[in-house]
Amino acid sequence: MKYYVISLLCCILPISVFAEVARLSNYRGWKDCYSIKNEQAEVILCPVAGGRVLYYAVNGKNIIFEDPGFDGYLLDDFRKDRRWPDGGRFDIGPESIPGKQRDELFMGEWQVLVQDDYTVELLYDKENKLGVSVSRKFTLHEKGSQLTMTQVMTNQTTHPVKRHYWGRVFCKGGGTVILPLDGKGGWGFMGKHSSEHMTEKKDRLEYTLRDEVTKVGSGSHKGWLAYRVDGLEITQEFLCFPGGDYSDTDGYTTIFYANGKLCELEPVSPTVLLQPGQSYTFIQKWRLREM
């Protein structure tokens with residue numbers, strides 16, 4: 001059951017009767033979550049635990065994986081038991097960086113800046129082991145379900161750092177994930193995970209979740225991936241860069257991980273070498289529709 005208390009933040013006229021940014025005093029045990037809502041869609045953000053997306057729904061139907069065992073789960077909890085929390089998560093690579101060095105941005109508390117009726121910016125600018133500050137701006141379009149996420153990473157150290165963006169969005173299990181193919185980058189299994197149940201078509205790769213663990217990457221530069229479950233389809237769009245350095249993700253731009261109960265969508269950016277004070281922007285556009 002979804003339960004929360006709402007405190008409206010934006011009441012400036014003129015606005016759509018359905019336009020709303022609201023602070024939720026309690027959502028699944030987290031304080032001060034933020035909801036952005038229009039007539040059709042809603043997204044709920046969790047600044048106190050990693051700046052995650054906890055809920056993304058169209059007409060009240062949510063596609064984000066939720067596990068009540070993680071209700072109210074915070075950075076201190078994560079450091080004790082190292083369990084991966086639910087929700088639409090965001091990380092900074094390369095993956096070879098030890099996980100504990102990524103803890104603060106992945107599960108720490110982010111600042112909140114409400115920009116307008118449809119935009120909330122989350123900011124992490126405290127000193128951290130990754131050496132970067134990150135701004136994450138979420139804009140739900142006035143109509144429909146499009147959610148635009150603009151991330152800006154800035155090197156806050158006095159020396160160069162190599163970093164890339166790494167989406168890690170958990171969606172509900174039981175569905176079918178689709179990766180694009182374009183005949184250029186190919187595809188392959190990652191790590192020790194494989195499956196005999198991949199379906200390769202002319203322009204796409206499809207996999208229906210089952211009781212097995214697999215992780216697959218595509219080197220396509222089309223810049224999208226999709227997932228269908230329970231009559232919903234989420235599409236994530238992003239720019240790929242043919243000359244970019246994707247070596248830290250085995251040359252793949254578009255990745256998914258599945259274990260039966262959930263599917264993790266992982267769009268990645270190229271790895272860049274950031275000089276002190278230099279910034280790097282990565283934009284994703286999500287869409288959710290009923291099929």
Work out which heavy atom in [X] is nearest to a heavy atom in [Y]; give both atom names and the distance.
| X | Y | result |
| --- | --- | --- |
| Ser145 | Ala41 | CA-CB, 3.8 Å |
| Ser195 | Tyr207 | OG-CE1, 3.5 Å |
| Leu54 | Cys33 | CD1-SG, 4.0 Å |
| Glu127 | Gln156 | CA-OE1, 3.4 Å |

query: So Trp286 and Phe90, would you call those rings parallel, tilted or perpendicular, with 30° and 60° as cut-offs?
result: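 Parallel: the ring planes of Trp286 and Phe90 meet at under 30°.
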
message: Which label fits Phe238 and Phe282: parallel for a plane angle under 30°, tilted from 30 to 60°, or perpendicular past 60°?
response: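 Rings of Phe238 and Phe282: tilted, as their planes differ by 30° to 60°.
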
query: Looking at Tyr257, Tyr252, Trp166, which one forms a side chain to side chain donor-acceptor pair (under 3.5 Å) with Glu266?
result: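 Passing option: Trp166.
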
Is the backbone of [Y] close enough, under 3.5 Å, to the side chain of [X] for a donor and an acceptor to pair up by distance?
| X | Y | answer |
| --- | --- | --- |
| Lys222 | Leu181 | yes |
| Thr139 | Thr119 | no |
| Trp110 | Leu105 | yes |
| Tyr34 | Pro47 | no |
| Glu104 | Lys129 | yes |
| Tyr165 | Gln151 | yes |
| Asp77 | Lys80 | no |
| Tyr124 | Gly51 | no |
| Lys143 | Gln40 | no |

query: Can you tell me how far CD of Gln284 sits from CG of Leu147, rounded to the nearest 0.5 angstrom?
result: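 Rounded to the nearest 0.5 Å, the CG-CD separation comes out at 9.0 Å.
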
- prompt: Can Ile234 and Tyr56 be said to form a side chain to side chain contact (heavy atoms under 4.5 Å, CB included), step by step?
  reply: CA-CA 10 Å; Ile234 183 173; Tyr56 180 46; 4.0 Å; yes

message: Counting only heavy atoms not in Asp81 (residues, nucleotides, ligands), do more than 12 fall under 6.0 Å from its CG?
response: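 Enclosed: over 12 neighbouring heavy atoms sit under 6.0 Å from CG of Asp81.
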
Going only through I, L, V, M, F, W and Y residues with side-chain contacts under 4.5 Å, is there a path from [X] to [Y]?
| X | Y | value |
| --- | --- | --- |
| Trp30 | Met107 | yes |
| Val152 | Val120 | no |
| Val216 | Ile178 | no |

Is any side-chain N of the basic residue among [X] and [Y] closer than 4.0 Å to the acidic one's carboxylate O?
| X | Y | value |
| --- | --- | --- |
| Arg28 | Asp86 | yes |
| Glu237 | Arg287 | yes |
| Asp230 | Lys61 | no |

field: Check against salt bridge (Lys or Arg N to Asp or Glu O under 4.0 Å), Arg89 and Glu264
entry: CA-CA 9 Å; Arg89 305 100 49 79; Glu264 183 177 40; 2.8 Å; yes

query: Do Ser220 and Asp182 meet the criterion of a side-chain donor-acceptor pair at a distance under 3.5 Å?
result: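 On atom types as modelled, these side chains qualify, holding a pair under 3.5 Å.
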
query: Of Asn155, Leu130, Val134, which is the lone residue that meets side-chain contact (heavy atoms from CB on, under 4.5 Å) with Arg163?
result: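 Looking at Asn155, Leu130, Val134, the match for Arg163 under the side-chain contact (heavy atoms from CB on, under 4.5 Å) is Leu130.
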
Steps toward side chain to side chain donor-acceptor pair (under 3.5 Å) verdict (Thr253, His221): CA-CA 7 Å; Thr253 62; His221 291 148; 5.8 Å; no

task: Evaluate the criterion salt bridge (Lys or Arg N to Asp or Glu O under 4.0 Å) for residue pair Lys126 and Glu109; output intermediate values, then yes/no.
output: CA-CA 10 Å; Lys126 292 176 280 190; Glu109 184 168 359; 5.8 Å; no

- prompt: Is the distance between the ring centroids of Trp84 and Phe70 less than 6.0 Å?
  reply: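 Ring centres of Phe70 and Trp84 not closer than 6.0 Å.
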
